[in-house]
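Below is one structure; the comments refer to it alone.
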Number of protein chains: 2
Amino acid sequence: METKQITIKDIAQKAGVAVSTVSRVLNGKDRVSPETRQRVQQIIDEYDYVQNAAAVSVVKRKTNMIGVIIPEIQNPFNASIVYGVDKVCKTRGYNICVFSTDDKVADEERLIRSVVSPLVDGIIAITCTDGRIYLGGRKPVVLVDRGLGADDFDEVVIDNMGGMHRACDYLIKKGHRKIAYISGPLEFTTGLGRLQGFRSCMEEHGIPIDEDNVYVGDWFVADGRRATQKILERNSAGAGVTAILCSNNLICKGCIEVLHEAKVAIGEDISLLGFDENDLVHYTTPKITYVARPTYEMGEKAAEMLLEKIASEKSYLGQKMVMRTRLIEQGSVKDLNRK
Amino acid sequence: METKQITIKDIAQKAGVAVSTVSRVLNGKDRVSPETRQRVQQIIDEYDYVQNAAAVSVVKRKTNMIGVIIPEIQNPFNASIVYGVDKVCKTRGYNICVFSTDDKVADEERLIRSVVSPLVDGIIAITCTDGRIYLGGRKPVVLVDRGLGADDFDEVVIDNMGGMHRACDYLIKKGHRKIAYISGPLEFTTGLGRLQGFRSCMEEHGIPIDEDNVYVGDWFVADGRRATQKILERNSAGAGVTAILCSNNLICKGCIEVLHEAKVAIGEDISLLGFDENDLVHYTTPKITYVARPTYEMGEKAAEMLLEKIASEKSYLGQKMVMRTRLIEQGSVKDLNRK
DNA sequence: CTGTTAGCGCATTCAG
DNA sequence: CTGAATGCGCTAACAG
């Protein structure tokens, strides 16, 4: 805009004091006589003056801003994590600002290096990188959801393996043996841990895994659809799969859609267990049993850890917080024991 | 972190040149001999130096950052708008950073005044305020979705009235007369325009509106549920409503849920028409007919307008872009004419 | 082509 | 309690 910015100098002049005095009332913590304070404050209000944040942060080396890096703003789970972060930060006088990387490694690195890092006091990231960009001289960071497992990183993750183990165990206890598993990519602990949870559970129960029943794809609805179609094909050829285990919300959604379209009765003709909530799990008849993640709490926890790092000026707290999942039992898993 | 920031001065010293020379290679646009440029660049790379953005923006009065204000990060429609904004901004060398206001007027005003405005070159906002905060000496702004209609604001909105008019017309053409309308709050043009579209259409067709069939609540699922329950109650007392018109996605979702739970066959026992997409509209049988908004394109358009404002340094372009809606015809509206 | 200098808007000594 | 002076990291004339 064309209107010239009004500065601390203008205020000082109009109030008939020195800039340092204005600075004092602005920052509140120094001694100023009540009268001058009031007079200055009045001018400030009158002209609706606010400090130039950039200038402040040059000299203070502090922005009171937390950067939040997420892969995808369209995924409600990321949104929920952000919400938790925001809540905690706000109560501690920090603002957050959100950056989306589109799950592109190069974008995230560029963003961190030249935009976010210089702008914020700390970073909370659901990263798609190997984490190297966050190391060495940059701002304090806490990783959420996608942990790297490596040292030097403080993380808030969920017990992917345990959660899926529990889910698989539930299926087995209900009498299922031929279980199809639809996995996401295996490059992060999220995908890998869940698959391991499935495998280890089957093994513990002495049930051999038919590798044809393990489908590995991406995290999206289309992948869930594709895998489910194959499962149905194989079943009509006599594969005999009685239950499907989905490794995330979108995959599960695709799975539901295909079963629905094929008029396969969930919880009757075939059982289904999902990982993460989605809009459909509460709408189907019967509703879908799924593993719930405490997304909001993950955000809160991550924020608390980050603020602690900032306050303590430690580059590494050595905290890897693992949050528990919960199995939300609804009606999509048939009990084969009592027919 | 404890590692001291490395500055332009350090680079200059190590390269054996003046800071201005380093500044020149950094900004690229000034003449520097190839040899010195290379030498300096090498030092920069070696030390992984990046400029202190705050300092740059103090002197340049430019941050290359666009602030995006949304009421609610959890709503996929906002996310979609943001996505469109991001796409355009990225190609023009701007970064965006997203702030969520929780639909709280005070929060938005505080955020704008002391955080966003000082930090960005321009603002795109889905505002819950009366817009006053954006006026007078602050940064250029383009309002999206929630237009204020007032002069002085550049806006990208949809034709709420026309969209709902069209939807209502569709119902009437299909033979519906007793139509229930579930409205959101009427403080913004979004809610108001849609209701007016409904009213004017009914009027044009000479159909009197039974005010008991107009439900005004908030924008959420719970409001849709509540209204739908009342509609069903009244219908079982003989009200004879044949179609429900929902004014947004969440209301529609609540409506679908209640109908589903009550085992009322959509498109058969009662017809339904929604405004905005939601996860359920494509899942139900039959699928839900709804009015679609071009959210992504709204974001793109808003970004283009904002960048133009910034470039032209005009505080008001005088543009009020109204985007068209589309009626997505699926199967949830019964044709009463041919039974 | 390159170095010197003067600010940008502000917080913070240090005197008074 | 208050003002004058210094410098934060950087860019932009202005000389050379």
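Numbers restart at 1 for each chain; the letters A, B, ... are given by sequence-line order, proteins then strands.
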task: Assign B:V17 to base, sugar-phosphate, or nothing according to its heavy-atom contacts below 4.0 angstrom with the strands shown.
output: sugar-phosphate

Rounded distance in Å - NZ (A:K62) to C1' (C:dT12):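 Whole-Å distance recorded here is 18 Å.
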
message: Using the salt bridge (Lys or Arg N to Asp or Glu O under 4.0 Å) definition, which of the options B:K301, B:K309, B:K320 pairs with B:D154?
response: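 Answer after filtering B:K301, B:K309, B:K320: B:K309.
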
task: Decide salt bridge (charged side-chain N to carboxylate O under 4.0 Å, His left out) for A:D86 and A:K90; before the verdict, give the C-alpha distance in whole Å, the side-chain angles of both, and the deciding distance to 0.1 Å.
output: CA-CA 6 Å; A:D86 194 35; A:K90 253 179 193 148; 3.2 Å; yes

Between N or O atoms, less than 3.5 Å apart, protein on one side and nucleotides 6-8 of chain D on the other: list the pairs.
from, atom 1, to, atom 2, distance (Å)
D:dC8, O3', A:R61, NH2, 2.6

If only side-chain N and O atoms of [X] are considered, is one of them under 4.0 Å from the OP1 or OP2 phosphate oxygen of [N]?
X     : N      : result
B:T21 : C:dT2  : no
A:S20 : D:dG3  : no
A:Y49 : C:dC10 : yes
A:S33 : D:dT2  : yes
A:N52 : C:dC8  : no
B:T36 : C:dT2  : yes

query: Looking only at atom types and distance, does a side-chain atom of A:R39 sit under 3.5 Å from a main-chain N or O of A:A15, one as donor and one as acceptor?
result: yes

message: For the backbone of A:E72 and the side chain of A:N78, can you confirm whether one donor and one acceptor N or O come within less than 3.5 Å of each other?
response: yes

Which residues share a side chain to side chain donor-acceptor pair (under 3.5 Å) with A:D152, sequence neighbours left out: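 For A:D152, no residue satisfies side chain to side chain donor-acceptor pair (under 3.5 Å) once neighbours in sequence are set aside.
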
- request: Could I get the full list of side-chain contact (heavy atoms from CB on, under 4.5 Å) partners for B:S23, not counting sequence neighbours?
  value: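 B:S23: side-chain contact (heavy atoms from CB on, under 4.5 Å) contacts with B:I8, B:N27.
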
